[in-house]
Amino acid sequence: MITMNKTNGDIAHILRKISFLLEMDTNKKNDRQTNAINFKNRAYNKAADQIENLSINIEKLYINEGIGGLLKIPSIGRAIASKIEEFIKTGEINYYNQLKSELPINVDEFLNLEGIGPKTLRLIYDSLKIKTLDELYDAATNGKIKTIDGFSQKKEEAILRKIDLYRKSKGRFLLGEIYPLVKQIEKYLSELDCVKRSVAVGSFRRMKETIGDIDFLAVSDVPQKVIESFVSMPEVKEILGKGSSKAFVKLNNGIDSDLLVVPEESYGAALQYFTGNKEHGIALRKIAQSKGLRLNEWGLFTLNSTENRIAGLTEEEIYHRLDLDWIPPEMRESKGEIELAKRELENTKKPREDRLLQLLGYRDLRGDLQVHTNNTDGKMAIEEMAYYAKEKFGLDYIAITDHTKSLKITNGLDEGQILDQANKISELNDKIKNDDLFLDKFSNEKTANIKHKKNSQRSSNASFRILSSAEVNILKDGSLDIPNNVLDKLDIVGAAIHSNFSLPIEMQTHRLITAAQNPSIDIIFHPTGRIINKRDGYPVDIPKLMESAKDTDTVLEIDAHYDRLDLKDEYIKMAVENGVRLVIDSDAHHQIHFAFLNLGVAQARRGWAKKNEILNTLPAQNLLDNLK
DNA sequence: GCCGTTTTCGGCCCGACTGTTTTCAGTCG
């Protein structure tokens with residue numbers, strides 16, 4: 001009897017626990033058997049990595065294709081596949097239980113405890129029979145750890161410190177939350193006299209929706225000086241380690257931050273190495289190895305007796321020497337981008353827009369199709385939002401999408417108010433044409449602080465356009481709270497779910513599909529309703545929704561608000577592969593929120609989207625002409 | 001335990017930092 005309840009995370013977790021216990025079981029002697037166990041635990045870890053990175057659900061894969069499906073996943077062979085099968089069927093893995101009976105420690109507590117690994121824990125267990133984190137903490141507090149052979153006062157203190165840090169650690173941060181801090185530190189490092197350039201790398205450079213730690217890279221001839229400046233920043237709470245080229249700190253907000261300092265000639269290699277992700281990096285180093293080369297953070301080297309650096313200054317030359325085209329950081333998640341880059345190198349003669357790795361650009365959006373105002377739950381007036389969209393963010397159009405009447409908490413608009421708003425928008429557009437909207441009202445003191453981001457392809461003052469729209473509420477049965485004859489008077493209409501989140505997947509999917517089939521609805525806003533780190537969103541059969549969107553010519557939104565980023569990257573990829581059209585909106589409730597558009601672009605790039613797949617890269621009229 | 005244009009054995013990505021190691025193991029990213 002199979003009950004659908006094992007996530008990829010659950011499966012990866014138990015495989016990691018097996019790996020941890022196996023590693024605890026390894027003794028120091030370097031005999032052949034020990035060596036085999038060493039690689040055995042690494043195999044379990046590798047399988048866990050692989051599963052965590054998978055976009056499909058393993059349990060579904062197993063139910064549909066059985067063991068054979070599991071065996072198709074790299075790093076999963078007969079032994080691990082059958083253990084996954086056992087776990088899905090029974091919720092347990094006998095092999096794990098056996099290991100645990102030999103070493104009855106609370107593995108969960110130690111798995112993510114930094115600095116104290118399986119080998120250290122084994123020594124402690126052998127001496128003191130410690131099984132839990134609390135017991136370890138007590139033993140260290142009472143001075144028992146330092147009495148163990150091979151341990152010291154210093155190590156005991158380190159253990160206490162690491163447990164304290166572990167208990168205080170907050171896990172992953174939202175990209176949008178830490179973005180300003182990252183930019184601030186990046187600027188601080190860049191402006192140091194001894195630093196030639198500095199950039200944030202790691203998952204931040206890949207623009208992952210959540211960030212586990214912040215990595216920085218700096219180019220300098222005097223690394224020691226840079227490292228001292230880094231660890232003495234006021235943002236640093238604790239120095240976790242520092243050497244001649246690297247430093248590790250914990251920042252005041254609880255996030256870890258690493259710095260690597262390299263000379264100019266290693267910049268590209270270090271950039272590549274520290275941008276990750278891990279699997280992408282490993283794949284590259286294996287390719288290097290297969291070509292008789294060695295790749296590390298200092299460069300790409302030949303393996304002659306006298307090592308020669310053959311690349312390292314730029315990322316491009318590293319990739320090219322490995323017979324790959326340069327891969328945008330947002331794609332480096334080991335999801336097929338390396339194979340693509342291999343083929344891409346043969347396509348260099350093709351026009352830019354046909355290149356496989358030519359993604360949507362950060363300056364490609366021309367409009368924003370979800371903008372709220374103080375007529376409902378926004379903070380600013382229509383004309384203010386329009387002004388900032390145009391002047392500060394260089395947009396050509398915005399759609400005003402206030403909530404509708406059944407969303408009482410936002411004072412949603414009724415039919416009359418929606419039509420009044422549309423009339424007002426029409427008047428504002430007339431004023432814009434006569435160039436007397438933005439000038440009289442807002443230009444005086446505010447423009448002084450505004451950076452003009454004028455782009456040559458963007459149009460003149462007079463062509464800015466405000467589109468009448470609404471974020472119509474999808475009711476429990478999939479119907480809307482505003483009739484079609486009202487919606488049809490608007491330029492463009494979005495629909496979204498804001499209530500009844502706990503309905504089963506069939507009903508939620510039905511609601512969304514019913515909305516998509518409604519001829520008045522152009523876009524489904526934030527299609528899954530998730531709030532990252534807070535709620536999963538309502539359950540949706542994504543493939544079915546995609547199919548319906550495609551059939552009805554309905555656009556799906558990538559909501560760029562940093563705690564939504566909805567659709568998420570893998571669904572964007574699915575939409576792109578299935579020819580479903582997308583837009584990227586900020587969901588702005590205040591002018592500063594237009595900045596979220598960049599996060600939406602990043603998310604789209606992580607889903608491998610190109611410019612022509614995102615509708616609001618078009619001028620306003622083209623966009624409207626392209627709707628259903 | 002996984003994997004294979006050197007396939008069924010013999011490899012498995014690579015280097016920095018820490019501690020007490022006087023040449024290395026453990027841990028991490």
Side-chain angles (χ1 to χ4, degrees), chain A residues 15 18-20 22-24 26-30 32-50 70-71 73-84 95 110-124 146 149-159 161-162 201-203 212-217 223 227 239-249 256-262 266 269-270 272-301 303 322 334:
Chain A
L15 295 179
I18 291 174
S19 171
F20 191 93
L22 283 170
E23 206 176 346
M24 276 187 83
T26 323
N27 51 44
K28 278 182 187 164
K29 281 176 208 143
N30 201 15
R32 202 181 146 66
Q33 198 190 351
T34 301
N35 218 22
I37 293 174
N38 248 321
F39 284 108
K40 193 164 155 181
N41 72 54
R42 282 168 63 175
Y44 275 93
N45 235 333
K46 230 170 125 184
D49 284 344
Q50 197 60 244
L70 301 180
L71 287 171
I73 302 167
S75 305
I76 294 181
R78 290 250 153 237
I80 292 181
S82 73
K83 288 180 179 76
I84 293 173
Y95 183 56
F110 296 107
L111 204 55
N112 295 317
L113 176 60
E114 297 213 353
I116 302 156
K119 301 284 169 60
T120 308
L121 197 59
R122 180 59 195 256
L123 287 174
I124 296 172
K146 64 170 179 273
D149 214 23
F151 286 75
S152 64
Q153 176 88 28
K154 213 167 176 179
K155 223 164 172 176
E156 186 172 78
E157 286 165 3
I159 287 174
R161 218 169 41 240
K162 284 174 200 303
V201 286
S203 50
D213 62 359
I214 313 173
D215 301 318
F216 293 98
L217 173 64
I227 283 170
I239 301 168
L240 303 174
K242 59 172 174 158
S244 58
S245 62
K246 279 183 179 173
F248 315 97
V249 299
D256 284 346
S257 184
D258 303 348
L259 170 69
L260 171 71
V261 189
V262 297
S266 294
Q272 196 291 312
Y273 188 89
F274 270 78
T275 296
N277 73 0
K278 192 171 91 180
E279 286 73 24
H280 180 92
I282 289 174
L284 250 61
R285 292 193 284 281
K286 279 186 175 165
I287 291 173
Q289 203 182 31
S290 74
K291 295 180 187 300
L293 305 170
R294 178 160 64 232
L295 176 63
N296 59 34
E297 59 264 59
W298 305 101
L300 183 64
F301 300 91
L303 289 178
L322 298 176
S334 196

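Proteins come first, then strands; the chains are lettered A, B, ... in the order of their sequence lines, and each starts at number 1.
- Of the side-chain N and O atoms in A:K278, none sit less than 4.0 angstrom from OP1 or OP2 of B:dG29.
- The phosphate of B:dA16 has neither OP1 nor OP2 within less than 4.0 Å of any side-chain N or O from A:K246.
- Between B:dC17 and A:S244, a contact under 4.0 Å exists linking OP1 or OP2 to a side-chain N or O.
- Atom P of B:dG15 sits at a distance of 26 Å from the matching atom of B:dG10, rounded to the whole Å.
- Residue whose closest nucleotide on DNA chain B sits further toward the 5' end, between A:K242 and A:K83: A:K83.
- Residues A:S244 and A:P223 approach most closely at O-CB, 3.4 Å, considering heavy atoms.
- Using N1 to N3 plus N6-O4 or O6-N4 for Watson-Crick, or N1-O2 and O6-N3 for G-U wobble, each under 3.5 Å, B:dT8 pairs with nothing.
- Distance CZ (A:F248) to P (B:dG29): 8 Å, rounded to an integer number of Å.
- Comparing the C1' positions of B:dC14 and B:dC9 gives a spacing of 25 Å, expressed to the nearest Å.
- Distances shorter than 4.0 Å separate none of the side-chain N or O atoms of A:S75 from OP1 or OP2 on B:dC2.
- Annotation: the span from A:I80 atom CD1 to A:Q50 atom CD amounts to 11.0 Å, rounded to 0.5 Å.
- Going from the P atom of B:dC13 to that of B:dG4 covers 13 Å, rounded to whole Å.
- Across the C1' atoms, B:dT8 and B:dC2 are found 12 Å apart, a figure rounded to whole Å.
- Between A:W298 and A:R161, it is A:W298 whose nearest contact on DNA chain B lies nearer the 5' terminus.
- B:dC12 and B:dC17 have their P atoms separated by 25 Å, with the value rounded to a whole Å.
- Comparing the same atom, P, in B:dA16 and in B:dG11 gives a spacing of 25 Å after rounding to whole Å.
- To the nearest angstrom, P of B:dT8 lies 19 Å from CZ of A:R78.
- A:F151 pairs with exactly one of A:K154, A:K155, A:Q153 by the side-chain contact (heavy atoms from CB on, under 4.5 Å) rule, that one being A:K155.
- The distance between atom CZ of A:R285 and atom P of B:dC12, rounded to the nearest whole Å, is 14 Å.
- Distance check on atom P: B:dT27 versus B:dT20 gives 14 Å, rounded to whole Å.
- The distance from atom CD1 of A:I116 to atom C1' of B:dC17 is 16 Å, rounded to the nearest whole Å.
- Proximity of A:T120 to the phosphate of B:dT27: a side-chain N or O atom is located under 4.0 Å from OP1 or OP2.
- Spacing of P atoms, B:dG1 relative to B:dT5, comes out at 23 Å, to the nearest Å.
- For A:Y273 and B:dG29, a side-chain-to-base donor-acceptor distance below 3.5 Å is present, hydrogens and geometry of angles not being considered.
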